[in-house]
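Here the structure comes first, spelled out in structure tokens, and everything after it is commentary.
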Amino acid sequence: MPCHPARARQLLKKGRAAVFRRHPFTIILKDREGGETQPLELKIDPGAKVTGLPLVAEFPRGREVLWAAELHHRGEQVREALHRRRGYRRFRRYRKTRYREPRFSNRGRPEGWLPPSLESRVANILTWGKRLCRWSPVTAVSVELAKFDTQKFQHPEISGIEYQQGELSGYEVREYLLEKYGRRCAYCGKEDVPLEVDHVVPKSRGGTDRVSNLTLACRECNRAKGNRLLQEWLEDLKKSRRAVDRKRAENIPKVLSLLKEPLKGAAFINATRYALVERLKALGLPVFTATAAQTKYNRARQGYPKAHWIDAACVGETGESVRLDPGMQALKITARGHGSRRVQNVDRYGFPRGEPKRVRRFMGFATGDLVKAVIPTGKYAGVHVGRVAIRSRPGFRLNGFDVHPKHLRLLQRADGYEYDWVKGGSGVSSPRPEGRGPRRRVI
């Protein structure tokens, strides 16, 4: 069972326990196995960017959150990496240095396939579900099974057949944009000139091909904007004295008013909600699902602030009455991956650059390992703790400076995640005395 840090210090001082893991800090008992435990429920509030993961125990006096974490995903990084790889491969084909037969038509997708960026999110949650079940006596899992009506987000009054009549009903994309912007450049207002379709939020900055992210621009404005966001371009235009730039600065707020919020996050949740529940069932524990409306109602009824791990604690029927420690601080877990699978680095044109990668582990260390450095002399003399980056020579990188491996001691091997604490506590009003620090439970 997760225990208080004071209890953990007593067990470690008496030699009855040993440190099993640094992050999350976990101890293992030496003198006994098993023992009396209380029902412990793992609650999950899946999110496109952040997922809440609290452990809620059921005591005779009620349910209480004993430990909590917020898992930050790296789906956008996966998407960008695949986009770069696709560009390199296409460029190699167009170089005509050798012939490669196309292999697009003979590749099948297995049942339940998800795009890699979504698969990364589901795998992160499943990984931590397995870890928490292995380190603590979890007896049940509760998941928020959210379903978003993306049409309602844009048109709250929509109903009936209107769901089948989208924004482009009766139009082609270009014809629709011509009608929307009056057949003129949306930035400078020029008419009777060739117009180009411009992404308001560039695709290189995370923009999509959604029609609400498209506008019309003349070639001069399209090139002047480049891959900048409108807010960035507007700041530069305000510094210019050209008449055309003043005209563009006046029209940019009008373009911003026609934009709509992206629905990528809602699409991610809709695409992965059933896959996540099915994979969690493989843990061999009862899995309960709940709606987002019930979670919001439970949190508002108890007067708790908005936070990912607090939302997760309020999931389902067991979230109707949950006690939060006013000083509790959630662990911030950020997915970093296990390094690049690419053996050879390349330049922006796809040509090899530098030397091929060698072994992943060197002198007993790998990039991402949590280490403790005790440096006796020099500019950086003292004790330093952090994640190390290895090199092919004994001059590793730690916290922004070089350190020799002989001064390093391994604390925890790299597991693909980085750990920190979420800023601020639970936000619940506290009767505890001043000066008492945030409370963190030990598994």
Side-chain angles (χ1 to χ4, degrees), residues 47-50 75-77 79-80 82-84 86-87 90 117 148-159 161-270 306 348:
K49 295 182 178 180
V50 183
E76 286 298 319
Q77 300 176 27
R79 187 190 68 84
E80 292 174 3
L82 291 173
H83 182 73
R84 288 195 300 269
R86 180 175 58 191
R90 286 180 177 177
S117 58
F148 296 102
D149 189 344
T150 54
Q151 290 279 54
K152 285 281 188 183
F153 286 170
Q154 306 296 336
H155 307 290
E157 70 283 354
I158 193 172
S159 63
I161 197 174
E162 294 177 355
Y163 277 98
Q164 304 175 24
Q165 299 172 350
E167 196 171 358
L168 293 177
S169 178
Y171 291 94
E172 296 291 339
V173 173
R174 189 172 182 84
E175 183 184 356
Y176 170 78
L177 294 174
L178 289 171
E179 292 288 340
K180 182 177 181 180
Y181 292 98
R183 300 179 182 274
R184 66 182 65 184
C185 177
Y187 302 123
C188 66
K190 286 183 180 179
E191 297 181 288
D192 301 325
V193 295
L195 298 175
E196 301 175 349
V197 177
D198 174 51
H199 289 77
V200 179
V201 179
K203 297 188 72 173
S204 61
R205 307 287 291 272
T208 64
D209 291 325
R210 192 162 169 242
V211 68
S212 61
N213 189 46
L214 303 178
T215 186
L216 292 177
C218 62
R219 175 161 296 186
E220 183 182 354
C221 291
N222 200 358
R223 290 184 175 180
K225 175 178 175 290
N227 70 333
R228 290 179 289 181
L229 299 176
L230 287 186
Q231 294 83 351
E232 299 172 354
W233 192 29
L234 181 60
E235 293 298 325
D236 295 338
L237 293 176
K238 290 180 179 178
K239 302 175 184 178
S240 176
R241 297 182 179 180
R242 298 174 57 196
V244 64
D245 288 340
R246 290 197 298 268
K247 184 68 174 179
R248 291 168 177 167
E250 293 175 0
N251 289 331
I252 283 180
K254 301 177 183 178
V255 178
L256 289 172
S257 65
L258 296 175
L259 295 182
K260 296 180 180 179
E261 290 293 328
L263 302 175
K264 294 166 63 174
F268 292 155
I269 300 301
N270 286 344
K306 174 70 175 176
R348 61 176 179 168

What's the shortest heavy-atom distance between [X] and [Y], and which atoms?
{"X": "Leu237", "Y": "Ala249", "answer": "CD1-N, 3.9 Å"}
{"X": "Ser240", "Y": "Asp245", "answer": "OG-OD2, 2.6 Å"}
{"X": "Thr215", "Y": "Ala186", "answer": "OG1-CB, 3.1 Å"}
{"X": "Arg184", "Y": "Leu216", "answer": "O-CB, 4.1 Å"}
{"X": "Cys188", "Y": "Lys247", "answer": "O-CG, 3.5 Å"}

Could you tell me whether the side chain of [Y] reaches within less than 4.5 Å of the side chain of [X], counting heavy atoms only?
{"X": "Gln231", "Y": "Leu256", "answer": "yes"}
{"X": "Leu229", "Y": "Val201", "answer": "yes"}
{"X": "Lys238", "Y": "Leu234", "answer": "yes"}
{"X": "Cys185", "Y": "Leu195", "answer": "yes"}

Strictly distance-based, threshold 3.5 Å: is any side-chain N or O of Lys225 a donor or acceptor partner for the main-chain N or O of Val200?
yes

So does Arg241 get a backbone contact from the side chain of Arg246, meaning a donor-acceptor N/O pair under 3.5 Å?
yes

side-chain contact (heavy atoms from CB on, under 4.5 Å) partners for Glu80, two or more places apart:
Arg84

Can you find a side-chain donor-acceptor pair between Tyr187 and Asn222 that sits under 3.5 Å?
no

Counting only heavy atoms not in Arg219 (residues, nucleotides, ligands), do more than 12 fall under 6.0 Å from its CZ?
no

Walk me through it: do Asp236 and Arg228 pass the test salt bridge (Lys or Arg N to Asp or Glu O under 4.0 Å)?
CA-CA 10 Å; Asp236 295 338; Arg228 290 179 289 181; 2.5 Å; yes

Nearest 0.5 Å, please: how far is SG in Cys221 from CG in Asp198?
9.5 Å

Side-chain ion pair, Glu76 and Lys49, N-O less than 4.0 Å
no

Electrostatic pair Arg223:Glu196 at N-O distance under 4.0 angstrom:
no

